[in-house]
Protein chains: 2
Amino acid sequence: MTARQGHSHQSVQKELLRRIHSGEWLPGARIPGEVDLAEEFGCARTTVNRALRQMAETGIVERKRRSGTHVALTPIRKATLQIPIIRQEVEERGGVYRHMLVSNRREQAPSSIRARLGLSGPAEMLHLQTVHLSDNRPHMFEDRWVNFSASPDILEAPLEDISPNEWLVRHVPYSRGDISFSACSASGDVAEALEIAIGSPLFLVERTTWMNTTPITTLKMFYPEGFRFSTTL
Amino acid sequence: MTARQGHSHQSVQKELLRRIHSGEWLPGARIPGEVDLAEEFGCARTTVNRALRQMAETGIVERKRRSGTHVALTPIRKATLQIPIIRQEVEERGGVYRHMLVSNRREQAPSSIRARLGLSGPAEMLHLQTVHLSDNRPHMFEDRWVNFSASPDILEAPLEDISPNEWLVRHVPYSRGDISFSACSASGDVAEALEIAIGSPLFLVERTTWMNTTPITTLKMFYPEGFRFSTTL
DNA sequence: CAGTGGTCTAGACCACTCG
DNA sequence: GAGTGGTCTAGACCACTGA
């Protein structure tokens with residue numbers, strides 16, 4: 001059967017967005033059911049469904065069975081952030097990337113680190129400190145602990161040539177991660193590595209990753225003032 | 001025709017993820033085509049397509065026509081952030097919310113603000129400064145400019161009772177927004193509002209929103225040290 | 001130019017949930 | 001119990017792009 005195309009899911013979404021943005025459908029208002037919309041637009045219900053599903057994923061509408069689809073009271077609540085490899089991050093900003101491994105030691109993980117990873121008993125881990133440079137100026141300082149029992153290969157990795165960040169991303173998959181953003185002031189170590197004054201404000205990203213329930217690595221990334229993490233809503 | 005169900009798109013995705021996480025399919029490796037996978041799983045191609053499309057949206061795989069689907073070299077590169085109403089943010093963290101309107105004036109917007117909004121000529125705007133409190137302690141300081149020609153109603157809004165943040169979210173839709181995160185140190189004004197020392201590190205969120213090409217509002221939100229913005233990968 | 005993903009259709013059944 | 005979204009199927013055509 002020749003399926004003559006009425007509307008694409010994108011054109012449907014565009015029209016639905018127009019009605020929301022124009023105020024025709026106010027926040028909280030109920031949107032007609034998929035069957036009605038499909039009839040109105042002259043397309044299959046599947047097409048309407050996809051348009052509405054995408055709008056629900058970005059938080060523009062809320063959907064529940066039986067009660068239908070409503071315009072969200074707080075339109076657009078989700079932004080997606082890119083989590084790049086640091087080298088790419090530097091190069092995308094037009095800099096020449098280089099890294100320096102400041103520390104590379106096996107140590108007993110302190111309790112704060114074990115807590116982040118969800119480990120109860122003592123554990124020997126790889127403690128790596130790296131300065132990431134852009135055009136030979138400090139871009140970011142990374143303080144990382146690696147649970148090498150989950151990825152023994154890292155003990156033989158050429159971390160002078162490839163940063164721990166990049167080596168892990170390329171060799172150790174993970175299934176789950178936490179990430180958080182905050183601000184802090186520079187302690188002595190970090191200030192020295194970044195060549196800034198002690199107490200300077202820093203943008204701090206903390207990330208921990210697991211493969212299933214096995215912790216892989218946890219790290220803090222310290223960015224000096226001026227660095228921005230941007231995205232679009 | 002009774003469509004007997006083979007696999008759901010979720011079960012397909014789960015199995016594909018397993019193969020990636022187990023190392024069976026390494027980063028960069030090519031994944032079989034949709035037709036082959038559909039045959040293997042005994043389901044429709046549509047089902048495989050949806051599973052792979054979702055995995056592409058989260059950055060786990062990369063898809064191109066003709067060349068097929070490949071495991072991403074940098075697995076998982078996107079995180080979604082919730083952009084809440086501040087009152088909800090405070091209440092979700094267990095605090096009692098209150099806000100104080102520190103400033104509410106019509107002013108000529110300085111050039112820095114006009115630049116953020118993409119306006120060339122002079123423009124009179126509403127300049128609002130709000131302290132958001134959690135359990136009567138400062139939670140965040142907001143410095144906002146509103147292009148009231150795009151939403152004249154705000155001039156009559158009871159901003160003492162409902163914060164500018166919440167009033168705008170509930171009454172003025174937007175189609176596009178920028179958001180960025182960084183760190184800075186507290187200036188005198190902000191330090192006073194947040195009851196912290198001048199120079200303290202702050203977590204700074206900047207957001208600008210438009211309706212189509214009309215600028216709506218731009219603001220900076222200053223969070224004291226200790227505040228974290230978290231999400232899951 | 002041929003292979004791969006991208007998408008639409010029409011129809012069906014299922015699952016949740018509100019009244 | 002009935003209405004609404006959630007999803008699967010089988011088939012078709014289209015669009016991009018790399019060999």
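- Between A:Phe41 atom CZ and C:dT7 atom P there is a gap of 18 Å when expressed in whole angstrom units.
- Using bins of under 30°, 30° to 60° and over 60° for the plane-to-plane angle, the ring pair B:Phe227/B:Phe229 lands in the tilted bin.
- Using a 4.0 Å cut-off, no side-chain N or O of B:His7 falls inside it from OP1 or OP2 of D:dC8.
- Remark: C1' of C:dT17 and CD of A:Glu62 are 16 Å apart, rounded to the nearest angstrom.
- Taking atom CD on B:Glu34 and atom C1' on D:dT9, their separation rounds to 15 Å, with Å as the unit.
- Protein atom NE2 of B:His70 is 11 Å distant from nucleotide atom C1' of D:dG18, rounded to whole Å.
- Side-chain contact between B:Ile85 and A:Leu73: absent, with no pair of heavy atoms (C-beta onward) separated by less than 4.5 Å.
- Note on ring orientation: taking the six-membered ring where Trp is involved, the planes of B:His139 and B:Tyr223 are perpendicular (angle over 60°, cut-offs 30° and 60°).
- If A:Gln10 and A:Ser67 are placed on DNA chain C by their nearest nucleotide, the residue sitting closer to the 5' end is A:Gln10.
- Note on A:Arg65: every side-chain N or O is 4.0 Å or more away from OP1 and OP2 of D:dG3.
- Between A:Arg66 and D:dA2 there is no side-chain polar atom (N or O) within less than 4.0 angstrom of OP1 or OP2.
- Residues A:His70 and A:Lys64 form no side-chain contact, since every pair of their non-hydrogen atoms from C-beta on lies 4.5 Å or further apart.
- With rounding to whole Å, A:Asp36 atom CG is found 13 Å from D:dG5 atom C1'.
- One can place CD of B:Gln13 at 12 Å from P of D:dT7, the figure rounded to the nearest angstrom.
- For the side-chain contact (heavy atoms from CB on, under 4.5 Å) test with B:Ile216, the passing option among B:Asn147, B:Val172, B:Thr208 is B:Val172; the others fail.
- In the displayed structure, B:Glu39 atom CD is contacted under 6.0 Å by at most 12 heavy atoms of other residues, nucleotides or ligands.
- The distance between atom CG of B:Leu16 and atom P of C:dG5, rounded to the nearest whole Å, is 12 Å.
- Heavy-atom distances under 4.0 Å link DNA chain D to B:Ala44, B:Arg45, B:Thr46, B:Thr47, B:Arg50 of residues 44-54 of chain B, given in residue order.
- Where A:Lys64 and A:Ser8 each meet DNA chain C at their nearest nucleotide, the meeting point lying more 5' is that of A:Ser8.
- Annotation: of the two residues near DNA chain D, B:Cys43 and A:Arg63, the 5′-most nearest-nucleotide partner is A:Arg63.
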* Please report the C-alpha distance between B:Leu128 and B:Trp145 in whole Å, then the side-chain angles of each, then the deciding distance to 0.1 Å, and finally whether the side chain to side chain contact (heavy atoms under 4.5 Å, CB included) criterion is met. => CA-CA 6 Å; B:Leu128 299 165; B:Trp145 293 79; over 6 Å; no
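- OP1 or OP2 of D:dG5 has at least one side-chain nitrogen or oxygen of A:Thr69 nearer than 4.0 Å.
- Among D:dT9, D:dT7, C:dC18, the nucleotide with an atom closest to any side-chain atom of B:His9 is D:dT7.
- Between the CD atom of B:Glu39 and the C1' atom of D:dC8 there is a distance of 18 Å, rounded to whole Å.
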